[in-house]
Amino acid sequence: MSEVKIKAVVLDSFNYEENDKIITVYSKEFGKLSFIALGANKPSSKNNYSLNLFSVANFEIFKSRKAQSISKLKTGALINDNFKITKSYNNYLFASIISSVILQEDLFYNKDPKWFDMLQEAIKNINDEINPFSNMVWFLFYSLKNFGGNWELKKCYRCNKPSKIYRRFDLNNFGLVCPNCIYENEEEQDFEFIKYLQRMDNNTFFTIQKFSINVSYEIIISKLILGYYLNELGIYSFPIKEILKKEVYNENTFWEYSHRVLTNSSI
């Protein structure tokens with residue numbers, strides 16, 4: 001094992017034997033990795049504060065040669081505890097959804113400094129009550145490609161051609177529909193919703209933060225993207241299943257709500 005320094009976000013922490021912990025982090029330098037923190041549960045441990053869930057810290061570790069093997073912690077120095085997340089159940093769910101999808105996917109054993117910055121910013125914003133719900137939605141949206149997912153927002157998904165105008169976003173197939181491809185039984189959607197999706201697609205996690213938020217659109221997008229991770233990408237996440245139990249996502253009312261919002265009419 002070689003001794004290295006990393007900056008990382010704590011994604012998971014569980015007790016191991018009597019006094020130790022196994023910690024999983026996403027680091028800027030190496031991507032996702034796990035290490036054992038010997039004696040972390042002892043009252044005298046100096047590393048305790050840096051090991052809490054959602055903390056950002058600088059760690060010195062004896063790194064295993066294999067990415068999926070357990071490394072060993074030497075020291076941890078807390079940067080930000082993000083402790084306020086635990087004071088709100090909703091915010092805790094938002095942050096837990098983000099951590100859970102990373103924990104599920106092996107590709108995150110590869111490093112991606114830009115993606116680390118996005119993760120760190122999302123957790124910070126949720127902790128600081130800066131559009132916490134939207135930060136979860138945006139994080140999942142801008143992580144789609146990391147998981148091999150794709151929403152077609154640059155051309156019509158039916159004819160595979162770009163268009164200056166689109167009539168709707170297919171909520172079941174996750175793609176824009178141009179005027180030539182809309183079916184007779186399909187209603188046109190509010191153009192502002194189309195622009196809202198295109199604006200997300202044309203920005204980054206960091207630049208989208210400066211735009212105004214439409215809560216109704218965000219609710220619809222969140223339902224779609226949470227379901228996409230579960231059903232299309234096969235990401236199992238207990239926090240996602242938990243948030244989808246909320247009344248706003250109830251299958252009996254969601255599609256009626258979406259229709260009303262996106263067509264400015266009632267069924």
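Checking T207 against T204 by side-chain atom types alone, a donor-acceptor pair falls below 3.5 Å. If you check the side chains of Y142 and N203, you find no donor sitting under 3.5 Å from an acceptor. Under the 3.5 Å distance criterion, with hydrogens and angles disregarded, no donor-acceptor pair is assigned to the side chains of Y236 and S100. Between the side chains of K5 and N58, no donor-acceptor pair of N or O atoms lies under 3.5 Å.
Residues V25 and V9 have side chains not in contact (no heavy-atom distance under 4.5 Å, counting atoms from C-beta outward). Taking 4.5 Å as the limit, every side-chain heavy atom of F254 sits out of range of all side-chain heavy atoms of N250. No side-chain heavy atom of F62 sits less than 4.5 Å from a side-chain heavy atom of L73. Using a 4.5 Å heavy-atom cutoff, the side chains of V261 and I219 are not in contact. Contact check for I221 versus M200: side-chain heavy atoms found under the 4.5 Å cut-off. Two residues are said to be in side-chain contact when any heavy atoms from C-beta on lie closer than 4.5 Å; F141 and W151 meet this criterion. Using a 4.5 Å cut-off on side-chain heavy atoms (C-beta onward), F54 and N127 make no contact. In this structure the side chain of I126 never reaches within 4.5 angstrom of the side chain of N131, judged on heavy atoms.
A donor-acceptor contact shorter than 3.5 Å links the side chain of T263 to the backbone of H259. In this structure, S88 contributes its side chain and N91 its backbone to a donor-acceptor pair below 3.5 Å. With hydrogens and angles disregarded, a donor-acceptor distance shorter than 3.5 Å links the side chain of S50 to the backbone of N47. K32 places a side-chain N or O within donor-acceptor distance of the main-chain N or O of I102, the cut-off being under 3.5 Å. Between the side chain of S55 and the main chain of N52, a donor-acceptor pair closer than 3.5 Å is present. Of the possible polar contacts, one joining the Y229 side chain to the L140 backbone as a donor-acceptor pair under 3.5 Å is found. A donor-acceptor pair is defined here as one N or O able to donate and one able to accept, closer than 3.5 Å; no such pair exists between the side chain of S45 and the backbone of K42. The backbone N or O of I220 sits nowhere less than 3.5 Å from a side-chain atom of E218 that would complete a donor-acceptor pair. Of the possible donor and acceptor atoms, one in the side chain of S27 sits under 3.5 Å from a partner among the backbone N and O of F30. Remark: the backbone N or O of Y183 is paired with a side-chain donor or acceptor of E186 at under 3.5 angstrom.
To the nearest 0.5 Å, the span separating OG on S13 from CG on L51 amounts to 6.5 Å. With rounding to the nearest 0.5 angstrom, the CG atom of N160 is 14.0 Å from the NZ atom of K154. Rounding to the nearest 0.5 Å places CZ of F206 at 13.0 Å from CD1 of I208. I98 CD1 to L103 CG: the interatomic distance, rounded to the nearest 0.5 Å, is 12.0 Å. Atoms CZ and CD1, from F238 and I243 in turn, are 12.0 Å apart once rounded to the nearest 0.5 Å.
Criterion: ILVMFWY side-chain heavy atoms under 4.5 Å apart, direct or through other members. Under it, Y49 and V10 are not part of a common hydrophobic cluster. Placement of L78 and V56 in two distinct hydrophobic clusters is found when ILVMFWY residues are connected by side-chain heavy-atom separations under 4.5 Å, directly or transitively. I235 and L144 end up in the same hydrophobic cluster when Ile, Leu, Val, Met, Phe, Trp and Tyr side chains are linked at under 4.5 Å. Clustering ILVMFWY residues whenever any of their side-chain heavy atoms sit less than 4.5 angstrom apart, transitively, puts L197 in the very cluster that holds I213. One hydrophobic cluster, built from ILVMFWY side chains closer than 4.5 Å, holds both V215 and L262.
The two residues R168 and I194 come nearest to each other via the heavy atoms C-CD1, 3.6 Å. Taking each heavy atom of Q189 and F169 in turn, the nearest pair found is OE1-N, 2.7 Å. Heavy-atom minimum distance, K28 versus D117: NZ-OD1, 3.4 Å. Taking all atoms of both residues into account, the shortest heavy-atom contact from N41 to K21 is OD1-CE, 2.8 Å. The minimum heavy-atom distance between I130 and N135, with the atom names listed, is O-ND2, 2.9 Å. Taking both residues in full, the closest heavy atoms of S212 and R199 are given as O-NH2, 3.0 Å, listed atom of the first, atom of the second, then distance.
Each of I61, T24, I23 was scored for a side chain to side chain contact (heavy atoms under 4.5 Å, CB included) with L33, with one residue passing: I61.
Aromatic rings from F139 and W115 are positioned such that their centres are separated by under 6.0 Å. Within the 6.0 Å centre-distance limit, the rings of F59 and F35 are counted as a close aromatic pair.
For K210, there are no salt bridge (charged side-chain N to carboxylate O under 4.0 Å, His left out) partners at least two apart in sequence or on another chain. A search for side chain to side chain donor-acceptor pair (under 3.5 Å) contacts involving N173 returns Y157, D170, not counting sequence neighbours.
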Could you check E251 against K223 for salt bridge (charged side-chain N to carboxylate O under 4.0 Å, His left out), going step by step and ending with a plain yes or no? CA-CA 10 Å; E251 288 288 335; K223 166 74 170 179; 2.7 Å; yes

Could you walk me through whether E192 and K195 pass salt bridge (charged side-chain N to carboxylate O under 4.0 Å, His left out), step by step? CA-CA 5 Å; E192 290 301 316; K195 289 200 300 183; 3.1 Å; yes

With salt bridge (charged side-chain N to carboxylate O under 4.0 Å, His left out) as the criterion, how do E187 and R260 come out once you've worked through the C-alpha distance, each side chain's angles and the decisive distance to 0.1 Å? CA-CA 11 Å; E187 292 184 80; R260 185 169 65 251; over 6 Å; no

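Residues K111 and E29 are not paired through a salt bridge, judged by the lack of any N-O separation under 4.0 Å between the basic side chain and the carboxylate. Using a cut-off of 4.0 Å between Lys/Arg side-chain N and Asp/Glu carboxylate O, R167 and E188 are scored as salt-bridged.
Ring geometry for Y26 versus F116: interplanar angle under 30°, hence parallel rather than tilted (30 to 60°).
In this structure, Y92 places its OH atom where only 12 or fewer heavy-atom neighbours from other residues, nucleotides or ligands lie under 6.0 Å away.
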